[in-house]
Amino acid sequence: MDSRFFQAFVDWYLISIDILLVLGVIYYLKLPKEKRSISFYWLPFLILSFTVFYENLGAYTNYNFDFKKAANAFFGNTENPRFNIWVFNIFNKHISTILYLFLIKSWLVPSKKKYINWMIITFFIAIQVLQFSGIEPIYLNQPLIFTFGANLILLGSGFYFIGLMTNEQYLATNPLRLLSFWQMTFILFTYSLTYISSVSLMYLYNNYPQLLTSLLKIDWVMGVINLGILVLTIASPKFPHFFEREPFFEFEKKLNLRNRISS
Amino acid sequence: MNPTEDQIYVIIFSTLFLGGLMSTFVIAMVFIHRQRQAQNKQKLEQIKSEHEKTLLNIENEIQQETLTYVGRELHDNIGQLLSLAKLYLGSAKPEKQTEGKETINQVISEVRALSKNLNLDWVESISIEEFISQQLKKIESTGYCNTTLESEFELGELPKDQKLVLIRVIQEILNNAIKHASPDMISVRIWKDENLKKIELKDNGKGFDPSLESSGSGMFNLKKRMETIGGDISITSSPGNGTLIHLLLPN
């Protein structure tokens with residue numbers, strides 16, 4: 001292994017998220033079979049695995065320049081073969097946002113779930129329109145797409161917090177012991193922060209580079225905490241005294257139905 | 001100040017700012033949540049106490065009616081039978097004595113039947129269908145009104161409080177029909193769809209204008225009672241066109 005490999009992969013952020021993935025895999029495999037097939041557990045696991053995958057892919061593009069150059073050429077970018085923002089665009093701005101919307105949907109009260117469905121459809125169409133019309137090419141920064149996605153996440157968070165304050169099942173819980181509450185709080189703040197730094201990226205880069213670097217570093221810390229909460233969600237059956245049962249709605253119904261069928 | 005130092009200050013400041021903002025957010029959320037929790041608890045307690053109050057009222061009403069019925073029975077039926085028995089037993093003829101003893105036996109069985117009405121245990125032993133059928137028979141026995149009962153499915157065993165409310169509501173609707181509408185025909189139908197169990201009570205009497213204030217309070221009372229058991233009521237009527245009432249119960 002050469003120094004470029006260490007430069008690309010040996011970094012506190014990547015090591016932290018790799019460790020979280022290992023923990024996530026261990027706890028996921030320890031889950032009983034019927035729980036593994038329930039979205040409350042597999043969705044956080046999917047997001048965790050997916051995030052670790054694309055962050056490592058991003059690091060790999062920095063390690064393997066030929067691969068990055070070929071991928072850039074494939075997307076039509078021959079001018080700046082050193083760019084790897086397409087990784088971040090596709091995996092973080094597009095797919096991760098959709099996955100987080102699905103995660104938020106799983107915690108919403110049933111009457112609000114349909115709004116998230118529409119948000120996902122609208123977001124998907126908006127991505128295609130903005131990319132294929134050439135307004136926001138995939139190999140450049142995509143502030144419009146990210147703004148739209150971040151706003152949808154913020155809106156979804158709003159729905160969650162409204163549910164938390166109005167739904168009887170949520171009112172019967174202690175939010176400090178609800179994983180969904182912490183997850184939503186961190187999603188809300190991470191997306192707000194990323195939103196601010198992404199929208200003002202060029203301005204900060206030219207005028208206040210220190211602030212931009214600092215914001216990005218804080219953003220990484222928030223990202224690690226986010227993934228940490230996802231691991232906690234997967235591991236939550238192992239710590240029943242720390243966390244309260246979520247008012248899962250569909251999850252409980254499915255589990256009850258399965259238990260009834262199996263009995 | 002070199003850039004690295006600058007960066008450290010910015011990171012510290014931003015972290016503190018973000019941390020403060022997040023803490024404020026979490027504290028505010030928990031505070032609002034606790035407040036809403038307390039409000040919700042208070043609301044639930046109020047609903048529970050209203051429910052208990054309604055049930056108590058209904059029990060009182062039923063007991064009051066039962067007492068009136070028992071009083072009437074004692075005076076008109078048992079009192080008469082006892083007088084007759086006294087006459088028979090006072091006679092020197094042996095056949096009259098025997099008739100007197102038979103009358104006493106009849107009085108005993110009448111008293112036993114009456115005693116069953118004195119507490120509300122009968123509510124548990126009777127189904128809603130049986131209750132409606134009994135009420136309709138009573139109405140038909142007056143000779144002024146025909147009745148029909150059509151039951152497409154069994155309402156099943158309901159909790160005592162639900163049954164009590166339902167019995168009282170049905171009784172009130174039938175009493176109102178007899179008292180105010182003078183119908184020739186009363187029909188009751190029980191059926192269910194995907195979400196609701198329905199009891200339809202229909203008469204061809206005078207009908208009334210549901211928008212009038214005089215009829216409004218009675219309807220409000222019935223509606224409130226149905227709501228205490230998670231049900232609802234819909235009333236359709238107009239002067240001269242009879243009345244159609246649907247009692248709706250969740251499945």
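Protein chains get the first letters and strands the later ones, always in sequence-line order, with residue 1 at the start of each. Just so you know, these numbers use all the heavy atoms, side chains as well, and skip hydrogens, waters and symmetry mates.
For a residue to count as touching a neighbouring chain, one of its non-hydrogen atoms must lie under 4.5 Å from one of that chain's; by this rule A:Leu164 touches chain B with backbone and side chain alike. The part of A:Phe181 that comes within reach of chain B is its side chain, from C-beta onward, which places non-hydrogen atoms under 4.5 angstrom from that chain. Contacts of A:Thr166 with chain B are made by both backbone and side-chain atoms, with heavy-atom separations under 4.5 Å.
The backbone N or O of A:Thr147 lies less than 3.5 Å from a partner atom in the side chain of A:Asn151, making a donor-acceptor pair.
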Report task. Could you go through the ring pair (Phe, Tyr, Trp, His ring centres under 6.0 Å) check for A:Tyr160 and A:Tyr170 one step at a time? Result -> CA-CA 10 Å; A:Tyr160 171 81; A:Tyr170 270 119; 5.5 Å; yes

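Open room surrounds CZ on A:Phe102; 12 or fewer heavy atoms of other groups in view lie less than 6.0 Å from it. The environment of A:Phe242 atom CZ is sparse: at most 12 non-hydrogen atoms of other residues, nucleotides or ligands sit within 6.0 angstrom.
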